[in-house]
There are 2 protein chains.
Amino acid sequence: MVQNKEGTDVKRRGRPRAYDPAAALAQARDAFWRHGYSGTSLDEISAATGMNRPSLSAAFGDKRAIYLAALRDYWVAKFATMDRALDAERLQDALLGVYDASLSLYFTEADGARGCFVVGTAVTESVDDHEIREIAKAGFNTLDAKFADRFRLAQHAGEIAREADVEALALLATATLHTLAVRSRAGTPCEELRRLARKAVAMICR
Amino acid sequence: MVQNKEGTDVKRRGRPRAYDPAAALAQARDAFWRHGYSGTSLDEISAATGMNRPSLSAAFGDKRAIYLAALRDYWVAKFATMDRALDAERLQDALLGVYDASLSLYFTEADGARGCFVVGTAVTESVDDHEIREIAKAGFNTLDAKFADRFRLAQHAGEIAREADVEALALLATATLHTLAVRSRAGTPCEELRRLARKAVAMICR
DNA sequence: TTTATTTTGTACCATTTCGCATAAAATCCT
DNA sequence: AGGATTTTATGCGAAATGGTACAAAATAAA
């Protein structure tokens, strides 16, 4: 059933859509995720979503607009799962929760190792595309901020030293996420990266 | 003058080349570096190198072969500059030297912020291209190994604790390099990244 | 000087890619 | 039932892309 942005059902006038916009965008995102922005053709997106080209165009706009929508969506989902993981009681569990949740996103049954969508595809386009670059950069800064907040919390809870540099800790935490993103796409096995994450958490929280 | 791989001049039979193969490959690499593998056309490479298409084909092969040659070259150069930086007396200087040398490669006068060639372009192709993936992964493993060696040296010199986990330290050192690579291409200013590197070194060597 | 060899430069071809025009289909409103 | 509205489906066309054929040019060897 078609819904508006409040989630309530809406009576549309003409022929009903044959697709779910959110699901279609997720399929398009997966295609970009696998092949990169430049490496993905509209024909592939059309095949992945099951939508024909004019429907894609009407729903999302041109290729770049589809990608930008997928990119914004990715950050929203990423931040949501991150917040959930950071909610853990102990700092170590919170950090490891973020890394485990990320890894389960970086490895899939269907596509195998694909890494982080932003690191694997948006960063590549960031030299030529100003808007993609800004969205990527803002997202990374948000990661830093969320980690920093969590370290501050741990600091007040006495889990880490009162004189610890929470900003520096946050940078290392994001750096760990970045290395997981890069290495998973470059073929390092998931189990090895899980061990890497554990070691990194131990180093950061020492 | 044309040279063979030993560097000695060679008398070739027919019409002499109008280009220097090494310089041309560097130009092609810069084009790939900026736009990514899929985002770079042979016309752009032709323009960047000043070579016409048949000459490119004769010298390096097809588009993918040009890219692979550039990729292998990049690692060779990267490892060489890294070895030089790691030669520094004090551990902190060695690490910071690696990061500073990397940043000066990640930012250019001509193209601005472009990040690391491997992280910015090869990682993207790594899902679909087995050979690119293996070269990227092997390179990252070499980075880990070089950092680990340097930490072991520092350990023997008494700069870090005897019970320190040098492998874990190396992972964090490479993670820092990865975050510099990602963030520089995503538009974080060079000065900010230099501060990030300093903080990371302080955290790692604490 | 002539011949053999290698590279260059122009042009071309087949394919892919992107976007859109147009008509048919499916629904709502009167 | 009939018109209005929205989406779907087929297919087209211009441009870009990767690769190569072929003749002219430049050099070394004979």
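Order of the sequence lines sets the chain letters (A, B, ...), proteins ahead of strands, with each chain counted from 1.
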- Query: Is Arg17(A) near enough to dT7(D) that one of its side-chain N or O atoms lies under 4.0 angstrom from OP1 or OP2?
  - Reply: yes

- Message: Can you see if the side chain of Ser55(B) gets near the phosphate of dT8(C) - specifically, an N or O under 4.0 Å from OP1 or OP2?
- Response: yes

Classify the angle between the aromatic ring planes of [X] and [Y] as parallel (below 30°), tilted (30 to 60°) or perpendicular (above 60°).
X         : Y         : answer
Tyr67(A)  : Phe32(A)  : perpendicular
Phe117(A) : Tyr74(A)  : tilted
Phe151(B) : Phe147(B) : tilted

- To the nearest 0.5 Å, atom CG of Leu169(A) lies from atom CG of Leu91(A) at 8.5 Å

- Task: Find the distance between CG (Leu172(B)) and CG (Leu196(A)) and round it off to the nearest 0.5 Å.
- Result: 8.0 Å

- Task: Run the salt-bridge test on Asp128(B) and Arg133(B) with the 4.0 Å N-O cut-off and return the result as yes or no.
- Result: no

Using whole Å, report how far [atom1] of [X] lies from [atom2] of [N].
X        : N       : atom1 : atom2 : value
Phe60(A) : dC18(C) : CZ    : P     : 16 Å
Leu56(A) : dA9(D)  : CG    : P     : 12 Å
Arg53(A) : dT10(D) : CZ    : C1'   : 12 Å
Arg13(B) : dA29(D) : CZ    : C1'   : 5 Å

- Item | Interface residues of residues 25-52 of chain A with DNA chain D (non-hydrogen, below 4.0 angstrom) | Asn52(A)

- Check whether any side-chain heavy atom of Gln92(B) sits under 4.5 Å from a side-chain heavy atom of Leu96(B), and report yes or no. no

- Query: In this structure, which one of Asp83(A), Asn141(A), Thr174(A) forms a side chain to side chain donor-acceptor pair (under 3.5 Å) with Lys146(A)?
  - Reply: Asp83(A)

Got a list of protein N/O to nucleotides 21-25 of chain D N/O distances below 3.5 Å?
residue: dA25(D); atom: O4'; partner: Arg15(B); partner atom: NH1; Å: 3.4
residue: dA25(D); atom: N3; partner: Arg15(B); partner atom: NH1; Å: 3.4

- Return the 5'-most residue of the pair Tyr19(B), Gly14(A) with respect to DNA chain C, ranking by each residue's nearest nucleotide. Tyr19(B)

